[in-house]
Amino acid sequence: MVADVLLVFGRGVRFRAGRWELTPASAARVRAAARYVHAHRPHRPRVIFSGGWPEASTGAVPPPAGSREGDLMLRAARDAGLGERAELFAETRSRSTLENLLLTVEDDLLAGYAFGPARPLGLVTHEWHLPRVRFLARKVLGLPDRALLDVPATGGEVHDDRRALLAARVGFLGARRGGVLLRRERLMIGLLRRVTTG
């Protein structure tokens with residue numbers, strides 16, 4: 001089983017020494033995608049780097065065009081020569097894992113692909129993030145587990161994502177449509193902000 005499409009989830013950017021750069025965790029996810037592509041030559045998959053500016057939900061000023069997560073991951077992949085072995089795309093408007101999926105669909109970056117056990121959708125992120133990504137991919141894309149392939153990244157960060165997964169499971173219960181999921185996510189973020197600042 002080989003993935004025709006890899007969806008790479010961003011993990012932030014930072015401003016250092018006068019320029020925007022990927023966080024170590026985002027860079028690790030680019031490396032994981034590159035390893036997968038190199039390991040499955042001559043297969044030439046589509047690789048989608050998804051990520052805008054997660055801090056937008058807190059009101060922080062976004063990086064300029066060309067310096068968002070998807071942009072910088074795409075540039076790093078091209079610099080590493082991945083464009084010779086894969087079709088590279090970026091989604092740069094999303095602010096969350098849910099939006100990574102919804103906007104990738106909205107931008108038609110998955111159009112024309114049928115995912116299943118023989119040709120799964122590859123999910124490139126850290127091991128601790130994969131359970132929530134899988135849950136949201138099933139919800140947004142309607143794909144069964146066997147149509148999803150984990151491509152875990154290593155290095156850059158260790159994080160406990162269990163609370164976010166629990167919140168997603170409870171907060172998105174019964175919802176499937178993108179607009180409903182987004183409204184619920186914004187409500188959850190607003191409630192969390194009130195609890196942590198109140």
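Any value given below was found using the heavy atoms of this structure, including those in side chains, with hydrogens, waters and symmetry copies removed. All of these numbers come straight from a predicted model, not from anything done at the bench.
Side-chain contact between L22 and R14 is absent, with no heavy atoms from C-beta onward closer than 4.5 Å. The closest side-chain heavy-atom distance from L82 to L88 is below 4.5 Å. Annotation: side chain of V133 is in contact with side chain of T97 (closest heavy-atom distance under 4.5 Å). Within the 4.5 Å cutoff, the side chain of W20 has heavy atoms near those of the P64 side chain. Proximity of L109 to V5: side-chain heavy atoms (C-beta onward) are nowhere separated by under 4.5 Å. Between L103 and S94, the closest side-chain pair of non-hydrogen atoms falls below 4.5 Å. Side-chain contact between L7 and F9 is present, with heavy atoms from C-beta onward closer than 4.5 Å.
Donor-acceptor pairing under 3.5 Å is lacking for the side chains of D71 and T92.
Within the structure, every pair that satisfies the salt bridge (charged side-chain N to carboxylate O under 4.0 Å, His left out) test and touches residues 178-191, not counting sequence neighbours, is listed here: E99-R186. Residue pairs meeting the salt bridge (charged side-chain N to carboxylate O under 4.0 Å, His left out) criterion with at least one member in residues 82-93, sequence neighbours excluded, are R46-E87, R93-E106, R93-D107. For residues 25-45, there are no salt bridge (charged side-chain N to carboxylate O under 4.0 Å, His left out) pairs, not counting sequence neighbours. The side chain to side chain donor-acceptor pair (under 3.5 Å) contacts involving residues 152-171 comprise R11-E157, R132-D161, D160-R162, where partners must be two or more places apart or lie in separate chains.
With S67 contributing its side chain and P63 its backbone, the two residues share no donor-acceptor pair below 3.5 Å. For R16 (side chain) and E21 (main-chain N/O), no donor-acceptor pair under 3.5 Å exists by modelled atom type. For the pair H40 (side chain) and P45 (backbone), a donor-acceptor distance under 3.5 Å is absent. Within the 3.5 Å criterion, the main-chain N or O of G66 finds a donor-acceptor partner in the side chain of R75. Under the 3.5 Å distance criterion, the side-chain polar atoms of Y36 are left unmatched by any main-chain donor or acceptor of G122.
Closest approach of E69 and G10 over heavy atoms only: OE2-C, 3.5 Å. Of all heavy-atom pairs spanning F172 and L181, the tightest one is CE2-O, 3.3 Å. Closest of all the heavy-atom pairs between N100 and T104 is O-OG1, 2.6 Å. Here the closest non-hydrogen pair linking A33 and V47 is CB-CG1, 4.4 Å. Here the closest non-hydrogen pair linking L74 and A90 is CD2-CB, 4.0 Å. The nearest pair of heavy atoms linking A32 to P152 is CB-O, 3.8 Å.
F15 and V13 fall within a single hydrophobic cluster, where Ile, Leu, Val, Met, Phe, Trp and Tyr are joined by side-chain heavy atoms under 4.5 Å apart, directly or via other members. Clustering ILVMFWY residues whenever any of their side-chain heavy atoms sit less than 4.5 angstrom apart, transitively, puts I189 in a cluster other than the one holding L165. One hydrophobic cluster, built from ILVMFWY side chains closer than 4.5 Å, cannot hold both V151 and L141; they sit in different ones. In this structure, L143 is a member of the same hydrophobic cluster as L98, with clusters built from ILVMFWY side-chain heavy atoms closer than 4.5 Å. Residues V124 and L130 do not share a hydrophobic cluster, clusters being chains of Ile/Leu/Val/Met/Phe/Trp/Tyr side chains in contact below 4.5 Å.
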Donor-acceptor list for residues 112-121 side chains, cut-off 3.5 Å, not counting sequence neighbours:
{"from": "R119", "atom 1": "NH1", "to": "V2", "atom 2": "O", "distance (Å)": "3.4"}

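From L6, atom CG reaches atom CG of L149 across 8.0 Å, with rounding to the nearest 0.5 Å. Here L101 contributes atom CG and R138 contributes atom CZ; the two are 11.5 Å apart, rounded to the nearest 0.5 Å. Between the CG atom of L110 and the CG atom of D4 there is a distance of 11.5 Å, given to the nearest 0.5 Å. The CZ atom of F89 sits 13.5 Å away from atom OG of S50, with the distance rounded to the nearest 0.5 Å. Rounded to the nearest 0.5 angstrom, T125 OG1 and R134 CZ are separated by 12.0 Å.
With side-chain heavy atoms closer than 4.5 Å counting as contact, directly or through intermediates, W128 stands alone and belongs to no larger hydrophobic cluster.
Open room surrounds CZ on R146; 12 or fewer heavy atoms of other groups in view lie less than 6.0 Å from it.
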Please determine whether side-chain contact (heavy atoms from CB on, under 4.5 Å) holds for the pair V8 and I48, giving the CA-CA distance in whole Å, both sets of side-chain angles, and the decisive distance to 0.1 Å. CA-CA 6 Å; V8 185; I48 303 161; over 6 Å; no
